[in-house]
Amino acid sequence: MGGARTALFNWLFARRYEGQFLLRVEDTDKARGTEESTRAIFEGMRWLGLDWDEEVVHQGDNVARHRADAERMLANGHAYRCFCTAAELDERRKAAEAGGGAFKYDRRCDRLDPTEVQQRLAVGAPSVVRFRVPEGTTGWTDLVHGEISFPNKDIEDFVVLRTDATPIYNLAVVSDDIAMRITVVMRGDDHISNTPKQVMLYRALGAELPQFAHLPMILGADGKKLSKRHGATAVADWQHEGILPQAMVNFLALLGWSPGGDFAEVMTLDELIAKFNADGLLKKASIFDVKKLEWMNGQHLARMPIERLEPLVTAILLQEGLATVPELAALDDRYRRALEILRTRVRSVTDLAMQVPTYLRVSYDESAVTKAWSTVADAIHVVDLAHETVSAASWDPQAIEHSLRAVAEAQGLAVGRVLGPIRMALTGSVSSPSISEVMQILGRDESLSRLGQAKSFLAGRRA
RNA sequence: GGCGGUAUCGUCUAGGGGACUAGGACGCGGCCCUCUCAAGGCUGUAACACGGGUUCGAAUCCCGUUACCGCUACCA
């Protein structure tokens with residue numbers, strides 16, 4: 001989710017200011033990224049509607065340039081060869097920490113005589129390339145945080161090229177950003193401490209600095225960084241929960257960004273693009289509030305064009321085996337009418353789909369039966385009454401409902417005592433849209449048939 | 001440990017020295033509407049982390065403390 005939010009902000013920023021949004025897979029560390037996870041990222045972005053300009057760049061394809069950049073720094077004095085092995089460094093680190101101090105590389109290889117370096121290289125001694133951190137302080141103006149600076153003395157000479165000549169993240173990123181002519185870098189604020197190193201690399205490589213914007217993290221309900229433990233953490237998980245992409249985008253956009261002042265929280269993508277600005281970027285980490293996401297989803301569910309909602313519901317219905325194509329076709333325009341009256345009653349597309357089968361067939365849930373038809377004799381009486389009314393009258397659900405109410409009043413019964421049992425007969429449930437709406441969608445024949453079915457069921461109960 | 005970042009209702013936030021008895025949204029409670037369930041309307045609950053300054057005046061500026069997070073790798 002954090003990655004999705006970061007991508008969204010980059011995308012919104014690019015779209016708002018008519019820039020370009022570029023996607024790069026940072027796979028420097030072969031052990032990390034798998035093909036599957038990058039595919040999940042692409043799919044998640046597509047689902048959210050975040051399209052990118054230009055072809056995806058794979059960092060791994062640019063290793064030659066990363067090396068060349070390291071060589072350049074070696075040549076212009078911004079970097080040097082270091083022959084200390086990882087094991088040696090480890091030992092020194094441990095020793096320093098045991099003494100209560102912090103370890104910092106002592107630059108001993110920087111003091112090596114040039115001929116000594118040549119000799120070692122000649123005999124094939126393994127080495128890494130280290131960046132020579134200059135004196136002074138390094139800072140930048142962050143779009144989110146304003147001025148940030150670090151004393152260089154707190155930064156050790158860091159490795160930029162490994163023993164196997166593969167680049168370290170910080171070098172690869174800077175090298176690629178320069179090559180791709182990146183002007184704005186928006187990323188998680190866990191990168192703030194990396195930034196001074198990158199700033200130094202830009203300078204050593206003779207490149208202009210991009211603008212940096214460090215976005216706050218997204219946390220789980222417990223205030224800890226979002227992880228698998230928090231349940232649905234991947235974009236696809238929410239898709240399967242029945243969350244709409246536009247709701248997700250809307251929700252995510254408001255996590256760490258605010259248009260400021262009084263504003264309506266439910267916004268379309270276009271509205272978000274129009275309002276998005278760097279000023280509204282917030283500094284504080286925020287907690288992923290599932291309840292609010294669900295509310296937001298309900299809002300979008302109720303507002304989106306019905307013709308876009310329908311196919312989403314159909315897909316779930318078919319996939320879950322809750323309905324068949326002929327069944328839905330038989331419903332005809334009553335399908336959309338059903339969706340129309342149901343959409344304000346649910347908060348997810350899946351919940352909406354679950355409601356549809358009621359208009360295809362009835363089934364009685366035992367607990368609903370005991371609740372709605374608690375007294376069998378009364379239930380029979382009411383259902384029978386309804387059956388008579390429906391069959392006698394001309395088909396006008398509204399009028400029928402009115403006459404049922406009239407009957408209830410005449411007999412001194414609360415309206416609910418009459419419509420409740422009928423609702424059960426019609427929908428097999430204790431809750432539904434209004435009786436006349438339900439009858440409208442079911443139609444006269446189906447309504448009659450369900451009333452009849454309820455009569456015989458209740459007769460069986462009495463016996 | 002060092003360095004860096006953050007700190008307003010439970011949550012997301014408005015606020016950028018007086019307009020703040022701190023506003024909105026989600027959630028939660030109540031009321032209205034109502035055949036049920038929702039939706040909708042009205043309403044209640046609830047916060048400036050703490051301590052010092054600066055100032056006539058501080059949620060807003062400065063300093064410190066605390067808490068949380070990040071970096072401190074031949075991870076990204």
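Quick note on labels: first sequence line is chain A, next is B, and so on, each numbered from 1.
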Query raised in the report: Taking the six-membered ring of A:F103 as reference, does the NZ or CZ atom of A:R92 fall below 6.0 Å from its centre and within a 45° cone about the axis?
Result: no
Report task. List for me each residue that meets ring-ring contact (aromatic ring centres under 6.0 Å, His included) alongside A:H387, sequence neighbours excluded, and say none if there are none. Result -> none
With no angle test and no hydrogens, is the base of [N] tied to the side chain of [X] by a donor-acceptor pair under 3.5 Å?
X	N	value
A:S286	B:C12	no
A:N194	B:A76	yes
A:S193	B:G70	yes
A:S432	B:C37	no

Query raised in the report: Near RNA chain B, under 4.0 Å by heavy atom, which residues of residues 289-301 of chain A?
Result: A:D289, A:K291, A:K292, A:W295, A:Q299
Requested in this report: Within residues 334-359 of chain A, find the residues that approach RNA chain B with a heavy atom at under 4.0 Å, and present them sorted by residue number.
Outcome: A:T344, A:R345, A:R347
Determine the Euclidean distance between corresponding [atom1] atoms of [M] and [N]; express it in Å to zero decimal places.
N	M	atom1	result
B:A38	B:G27	P	12 Å
B:A46	B:A25	C1'	14 Å
B:C42	B:A59	P	30 Å
B:U8	B:C48	C1'	4 Å
B:G16	B:U60	C1'	6 Å
B:A47	B:C26	C1'	15 Å
B:U13	B:A22	C1'	13 Å
B:G5	B:C9	P	22 Å

Within the structure, does a side-chain N or O atom of [X] lie under 4.0 Å from either OP1 or OP2 of [N]?
X	N	answer
A:K284	B:C12	yes
A:R417	B:C35	no
A:K283	B:U6	yes
A:R162	B:C75	yes
A:K104	B:G2	no
A:T163	B:C74	no

**Report entry** Ring centroids of A:H145 and B:G4 base under 5.5 Å with planes under 30°
**Finding:** no
Query raised in the report: Among B:A76, B:C35, B:G4, which is the nearest nucleotide to the side chain of A:I148?
Result: B:G4
Report task. Describe the nucleic acid contact of A:I435 in one word from base, sugar-phosphate, nothing, applying a heavy-atom distance below 4.0 Å. Result -> base
Query raised in the report: Which heavy-atom pair separates A:I155 from A:M200 by the least distance, and what is that distance?
Result: CD1-CE, 3.8 Å
**Report entry** Qualifying residue for ring pair (Phe, Tyr, Trp, His ring centres under 6.0 Å) with A:F158, from A:F131, A:Y80, A:Y169
**Finding:** A:F131
**Report entry** Within-4.5 Å side-chain heavy-atom neighbours: A:V369 and A:F457
**Finding:** yes
Query - Closest-nucleotide 5' rank along RNA chain B - winner of A:M217 and A:C82 - result: A:M217
Report task. Counting Watson-Crick and G-U wobble pairs only, both distances under 3.5 Å, name the nucleotide matched with B:G57, or none. Result -> none
Report task. Using distance alone, with no hydrogens and no angle criterion, decide if A:N297 and A:W295 have a side-chain donor and acceptor under 3.5 Å apart. Result -> no
